[in-house]
Student: 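Sharing a structure with you now.
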Amino acid sequence: MSLVFCFGLQVMGPASLTSTAYAQGEEEPAAEPAAEPAPAADSGSSDAPEEKSFLIWMIEASGIFGGILLILSIVMMALVMTNVMQVKRDVFVPQDFVDEFQGKLDAKDYKGAYDLSKADDSLIARILAVGMSRLDRGYEAAIEGMQELGEEENMTYEHKLSYLALISSVAPMIGLMGTVYGMILSFQKIATATVAPKPSELADGISTALFTTLEGLAVAIPAMVAYSILRNRVARYMLEVGMISEGLMSRLPISKQPTPPAA
């Protein structure tokens with residue numbers, strides 16, 4: 001019996017023994033996971049271009065032209081803020097002063113009206129003070145003095161605003177100069193290269209050309225818009241000052257007929 005059992009074991013072999021062991025409840029050992037292949041070394045990592053933020057790229061590409069346009073933008077913003085603070089209705093025609101001056105005229109307190117205009121710093125007050133100081137020369141002389149002061153003040157405001165017009169004209173020209181300079185750099189790469197240049201070699205000049213154009217327009221457009229708005233506002237306020245001041249002067253008890261020339 002034992003001989004037959006041993007012969008059966010030899011015939012069944014190891015596979016049969018294994019299946020017999022599984023049949024008896026033994027678990028098959030888990031196969032070991034295959035080792036992952038090692039990542040291949042990145043041979044071109046040293047040649048990869050260095051990543052830059054958009055701001056750093058723009059600053060480096062703009063160069064000296066970007067610095068000049070940055071200074072112009074700061075000057076432009078300072079001029080806009082200064083003129084916005086000065087070109088206001090309260091500076092030209094403050095309603096409180098007009099009401100108080102009319103009250104003096106209604107009360108026939110002409111001396112008080114003159115003192116009020118001398119003490120106030122608004123444009124209409126200074127114009128009325130000049131006109132009332134010339135009443136002894138006649139109404140026409142008073143109006144002429146008021147118009148002269150109004151024209152002088154208008155020229156002063158125009159002079160201040162003219163710097164914005166200058167910036168709006170110069171900034172695109174500086175941007176155009178940077179554009180030409182950037183294209184020259186790109187064509188220089190093409191002319192001096194023995195083989196066809198790579199796009200990355202031409203990118204520096206092209207980026208200089210595009211960034212300087214963009215920056216020049218970004219400075220010029222707001223300056224042009226601010227100049228147009230402030231100039232129209234000055235013209236409107238000056239017209240209002242002229243109409244109100246002449247209306248107030250007409251209420252003074254003085255003859256509006258021109259003085260006849262001496263014989």
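Starting from 1, each residue takes its place in the sequence as its number.
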Student: Count I, L, V, M, F, W, Y as connected when their side-chain heavy atoms are under 4.5 Å apart, and connections chain through other members. Are Val91 and Leu149 then in the same cluster?
Tutor: yes
Student: Restricting to non-hydrogen atoms, name the atom on Val130 and the atom on Met146 that form the minimum distance, rounded to 0.1 Å.
Tutor: CG1-N, 4.4 Å
Student: Heavy atoms only: give me the nearest Ala209-Met183 pair and the separation to one decimal.
Tutor: CB-SD, 4.0 Å
Student: Test Tyr157 against every option in Tyr227, Tyr237, Phe92 by the ring-ring contact (aromatic ring centres under 6.0 Å, His included) rule and name the one that passes.
Tutor: Phe92
Student: Under the side-chain hydrogen bond (donor to acceptor under 3.5 Å, both in side chains) test, which residues partner Thr179, sequence neighbours left out?
Tutor: Thr213
Student: How many angstroms lie between CG in Leu217 and CG in Leu214, if you round to the nearest 0.5 Å?
Tutor: 7.0 Å
Student: List for me each residue that meets side-chain hydrogen bond (donor to acceptor under 3.5 Å, both in side chains) alongside Ser122, sequence neighbours excluded, and say none if there are none.
Tutor: Asp120
Student: Per the side chain to side chain donor-acceptor pair (under 3.5 Å) rule, what does the pair list look like for residues 141-153, sequence neighbours excluded?
Tutor: Arg126-Glu153
Student: Of all heavy-atom pairs between Val93 and Val98, which one has the smallest distance, and what is that distance?
Tutor: CG1-CG2, 3.8 Å
Student: Compare every heavy atom of Ser245 with every heavy atom of Leu128, then report the nearest pair and how far apart it is.
Tutor: CD2-O, 3.7 Å
Student: OG1 of Thr212 to CD1 of Ile68: how many Å apart, nearest 0.5 Å?
Tutor: 11.0 Å
Student: Do Ile143 and Leu252 belong to the same hydrophobic cluster, where Ile, Leu, Val, Met, Phe, Trp and Tyr are linked whenever their side-chain heavy atoms lie under 4.5 Å apart, directly or via other members?
Tutor: yes
Student: Just how far is it from atom CG of Leu248 to atom OG of Ser250, taken to the nearest 0.5 Å?
Tutor: 7.5 Å
Student: State, without any angle test, whether Gln102 and Asp106 hold a side-chain donor-acceptor pair at a distance under 3.5 Å.
Tutor: no
Student: Quick check: closest heavy atoms across Val80 and Ala226, and the distance to 0.1 Å?
Tutor: CG2-CB, 3.7 Å
Student: Determine whether Val84 and Val219 fall in the same hydrophobic cluster, where Ile, Leu, Val, Met, Phe, Trp and Tyr are linked whenever their side-chain heavy atoms lie under 4.5 Å apart.
Tutor: yes
Student: Is it the case that one hydrophobic cluster holds both Met77 and Leu69, taking links as side-chain heavy atoms less than 4.5 Å apart, direct or via other members?
Tutor: yes
Student: Other than Leu239, what residues sit in its cluster of Ile, Leu, Val, Met, Phe, Trp and Tyr side chains whose heavy atoms are under 4.5 Å apart, directly or through others?
Tutor: Met243
Student: Go through Met249 and Met132 one step at a time and tell me if the side-chain contact (heavy atoms from CB on, under 4.5 Å) criterion holds.
Tutor: CA-CA 8 Å; Met249 286 293 293; Met132 295 182 72; 3.9 Å; yes
Student: Restricting to salt bridge (charged side-chain N to carboxylate O under 4.0 Å, His left out), what partner residues turn up for Asp90, sequence neighbours left out?
Tutor: none
Student: If the condition is side-chain hydrogen bond (donor to acceptor under 3.5 Å, both in side chains), which residues does Ser62 pass it with, not counting sequence neighbours?
Tutor: Glu215
Student: Could you tell me which residues satisfy side-chain hydrogen bond (donor to acceptor under 3.5 Å, both in side chains) with Arg233, sequence neighbours excluded, listed by chain and number?
Tutor: none
Student: Is there a continuous path of hydrophobic side-chain contacts, each under 4.5 Å between heavy atoms, that joins Met177 to Ile174?
Tutor: yes
Student: Output all residues satisfying ring-ring contact (aromatic ring centres under 6.0 Å, His included) with Tyr181, sequence neighbours left out; order by chain, then residue number.
Tutor: Phe65
Student: Hey, can you pull the donor-acceptor pairs under 3.5 Å for the side chains in residues 109-117, sequence neighbours left out?
Tutor:
unit_1 : atom_1 : unit_2 : atom_2 : d
Asp109 : OD1    : Gly112 : N      : 2.9
Lys111 : NZ     : Asp115 : OD1    : 3.2
Lys111 : NZ     : Asp115 : OD2    : 3.0
Ser117 : OG     : Ala113 : O      : 3.3
Ser117 : OG     : Tyr114 : O      : 2.7

Student: Would you indicate whether Ile64, at its atom CD1, is surrounded by more than 12 heavy atoms from other residues, nucleotides or ligands within a distance under 6.0 Å?
Tutor: no
Student: Which residues pass the salt bridge (charged side-chain N to carboxylate O under 4.0 Å, His left out) test with Glu100, sequence neighbours left out?
Tutor: none
Student: State which residues pass salt bridge (charged side-chain N to carboxylate O under 4.0 Å, His left out) with Arg89; sequence neighbours excluded, sorted by chain then number.
Tutor: Glu240
Student: Give every donor-acceptor pair under 3.5 Å between a side-chain atom in residues 160-168 and any protein atom, sequence neighbours left out.
Tutor:
unit_1 : atom_1 : unit_2 : atom_2 : d
Lys160 : NZ     : Gln86  : OE1    : 3.0
Ser162 : OG     : His159 : O      : 2.6
Tyr163 : OH     : His159 : NE2    : 3.4
Ser168 : OG     : Leu164 : O      : 3.4
Ser168 : OG     : Ala165 : O      : 2.7

Student: The test is side-chain contact (heavy atoms from CB on, under 4.5 Å); show your working for Asn154 and Val234 and say whether it passes.
Tutor: CA-CA 8 Å; Asn154 188 36; Val234 167; 3.7 Å; yes
Student: Nearest 0.5 Å, please: how far is CD1 in Ile244 from CD1 in Ile124?
Tutor: 5.0 Å
Student: Examine distances only and state if a side-chain atom of Thr82 and a backbone atom of Leu79 form a donor-acceptor pair shorter than 3.5 Å.
Tutor: no
Student: Measure the spacing between CZ of Arg231 and CG of Asn83 and express it to the nearest 0.5 Å.
Tutor: 13.0 Å
